[in-house]
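The chain is numbered in sequence order, starting from 1.
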Amino acid sequence: MNIQIILRNACHHCLISFFPPTQVIKCKAAVIWEPKTPFSIVEIEVAPPKAHEVRIKILASGICRSDDHVLSGALKVTFPIILGHEAAGVVESVGEGVTSVKTGDKVIPTFVPQCGECSPCIHPRGNLCKLNDFGTFVGLLPDGTSRFSYKGELIHSFVSTSTFTEYTVVHESSVAKIDAAAPPEKVCLIGCGFSAGYGAAINSAKVEPGSTCAVFGLGGVGLSAVMGCKAAGASRIIGVDINKDKFPKAKEVGATECVNPLDFEKPINEVLHDMTEGDGVDYSFEVVGHTDTMIAALTSCNMNYGTSVMVGAPATGSEITLPPGLIITGRVWKGTVFGGWKSRDSIPRLVSDFMQKKFTLDPLITHTMPFDKINEGFELLQAGKSVRLVVL
């Protein structure tokens with residue numbers, strides 16, 4: 001017999017059914033069968049969680065540019081697949097041996113696991129747990145199988161999460177318990193976009209008070225990087241984007257000025273050097289995922305003490321060639337995954353900080369819409385008409 005409870009959140013009441021932990025659930029999911037095709041909303045089967053796994057009812061999921069990279073074919077994955085990796089939900093059932101969460105807990109699944117035992121988890125600067133499926137995109141749980149199927153055909157998962165579905169199954173290392181009162185349609189952004197950008201400034205670059213920063217790409221992650229620079233005390237934050245419509249929102253969250261590379265005849269790195277009396281910025285952030293923008297961000301920062309951080313996910317197989325003189329003078333060039341946060345330790349704290357109004361997520365969320373309109377959501381993203389869109 002199903003046990004039903006009512007969970008209240010900031011936007012609506014949602015009816016959650018808790019099924020017996022051995023029962024297969026039939027539910028709606030947005031499936032991609034091949035690149036450059038729209039989502040198909042179909043009824044799939046979600047198998048029960050095995051040992052050390054958690055089955056989650058998804059309440060809200062953000063649409064991220066990384067998901068769109070799969071649609072366009074820029075990221076190579078195995079199809080068919082259920083995308084989505086930025087979400088909040090409620091634990092529906094748990095497998096044997098799960099101790100960190102229980103049925104009814106509000107949670108955020110995370111695409112960067114934290115097993116707590118491997119060398120990246122143990123190292124104070126590490127966060128890319130060896131259980132991750134980031135970059136390899138195998139599309140299976142750690143035991144090498146999937147809990148998703150459609151008419152008997154296996155459906156792959158995306159970066160350990162797959163949240164464009166009413167129910168998903170993740171490994172216990174890929175889920176963090178959060179404040180039960182947190183609104184899922186807002187804190188879902190902490191599962192990827194906000195944390196990636198904000199942490200890039202706070203953790204990865206370690207932006208210092210009074211410094212000058214440049215953020216290339218003013219989407220949801222880029223705006224979060226702007227917020228991180230502001231929180232760290234940067235005195236000047238320059239937003240860089242070819243879409244001028246993004247400038248008002250960037251200034252709202254902390255950018256002191258914005259520039260469009262298309263407005264200049266000279267390269268944007270030279271423009272930024274001119275704007276800083278020839279010095280270049282102290283910190284630059286590439287939040288687009290294009291190799292030419294990565295080089296532009298690198299050469300925009302000071303040749304001796306500047307730090308440039310790559311945040312945007314590049315296309316599969318991308319390569320960069322550059323002269324060593326750009327680095328040997330002292331520049332630091334580095335990457336970041338999930339803003340350097342150790343996921344299961346940090347997500348609950350970030351949610352707590354949000355609940356205590358230490359930062360806001362409202363400016364990042366420009367649209368919300370029902371799950372069955374997910375294709376319209378991606379059209380808005382591709383047209384540059386949304387910052388972060390959340391499907392409920």
Side-chain angles (χ1 to χ4, degrees), residues 49-62 64 66 84-135 141-143 147 157-163 168-184 186-200 202-204 224 228 336-356 358-359 361:
K50 294 185 179 181
H52 304 292
E53 294 177 356
V54 180
R55 190 159 61 182
I56 303 168
K57 166 67 176 177
I58 299 297
L59 301 179
S61 185
C64 178
S66 297
H85 60 282
E86 180 183 85
V90 174
V91 174
E92 178 275 331
S93 59
V94 300
E96 181 183 355
V98 173
T99 58
S100 62
V101 295
K102 63 183 184 304
T103 298
D105 284 345
K106 188 171 286 186
V107 295
I108 288 179
T110 172
F111 70 95
V112 177
Q114 186 184 353
C115 71
E117 299 175 356
C118 67
S119 57
C121 283
I122 294 172
H123 196 285
R125 296 197 307 275
N127 77 323
L128 190 57
C129 176
K130 290 185 177 181
L131 290 181
N132 83 86
D133 193 27
F134 184 80
L141 289 169
D143 73 346
R147 302 295 163 267
S157 63
F158 183 53
V159 288
S160 310
T161 49
S162 287
T163 60
T168 191
V169 176
V170 303
H171 191 267
E172 184 180 13
S173 62
S174 293
V175 63
K177 180 180 177 180
I178 63 171
D179 188 334
K186 296 182 181 180
V187 299
C188 62
L189 270 62
I190 291 174
C192 179
F194 173 78
S195 301
Y198 193 79
I202 299 292
N203 300 326
S204 304
S224 299
T336 180
V337 175
F338 195 55
W341 304 103
K342 290 184 183 291
S343 58
R344 297 174 71 206
D345 290 343
S346 302
I347 286 174
R349 292 199 299 265
L350 288 167
V351 171
S352 178
D353 286 347
F354 167 78
M355 297 297 286
Q356 295 174 36
K358 293 182 179 180
F359 60 83
L361 296 169

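- Between F194 and F354, every side-chain heavy-atom pair lies at or beyond the 4.5 Å cut-off.
- In plain terms, the two heavy atoms of R147 and K50 that are nearest each other are NH2-CD, 3.1 Å.
- V170 and S160 get closest at one heavy-atom pair: CG1-O, 3.4 Å.
- For the atom pair CG (D345) and CG (L350), the distance works out to 11.0 Å, reported to the nearest 0.5 Å.
- Judged by distance alone, with hydrogens and angles left aside, the side-chain atoms of T161 form a donor-acceptor pair with the main-chain N or O of G84 at under 3.5 Å.
- No close placement of the F338 and F134 rings is indicated, their centers lying 6.0 Å or farther apart.
- Between the CZ atom of R55 and the CD atom of E92 there is a distance of 4.0 Å, given to the nearest 0.5 Å.
- S157 contributes no side-chain N or O that, together with a main-chain N or O of S162, makes up a donor-acceptor pair within less than 3.5 Å.
- Without hydrogens or angle criteria, E86 side chain to G193 main chain gives a donor-acceptor distance under 3.5 Å.
- Of the possible polar contacts, none joining the S61 side chain to the A87 backbone as a donor-acceptor pair under 3.5 Å is found.
- Taking a 6.0 Å sphere around CD of E96, one finds it holds 12 or fewer heavy atoms contributed by other residues, nucleotides or ligands.
- For the atom pair CD (E172) and CG (L131), the distance works out to 11.5 Å, reported to the nearest 0.5 Å.
- Residues K102 and V91 approach most closely at O-CB, 3.3 Å, considering heavy atoms.
- The shortest distance between side-chain heavy atoms of K130 and S119 falls below 4.5 Å.
- Atoms OG and NE2, from S174 and H85 in turn, are 13.0 Å apart once rounded to the nearest 0.5 Å.
- With rounding to the nearest 0.5 Å, the separation of CZ in F111 from CG in D133 is 12.0 Å.
- P109 and T163 get closest at one heavy-atom pair: CG-CG2, 4.0 Å.
- Exactly one of I190, V107, V187 qualifies for a side chain to side chain contact (heavy atoms under 4.5 Å, CB included) with I347. That residue is I190.
- For G62 against C188, the heavy-atom pair with the smallest separation is N-SG, 4.1 Å.
- Across every non-hydrogen atom of V112 and N127, the tightest pair is CG1-O, 3.0 Å.
- Checked by atom type and distance alone, the side chain of K106 pairs as donor or acceptor with a backbone atom of A182 at under 3.5 Å.
- M355 has its side chain within reach of P183: a pair of non-hydrogen atoms, C-beta onward, lies under 4.5 Å apart.
- Considering CG of L128 and NZ of K342, their distance stands at 10.5 Å, rounded to 0.5 Å.
- A 4.5 Å side-chain heavy-atom check between R344 and S100 finds at least one atom pair inside the cut-off.
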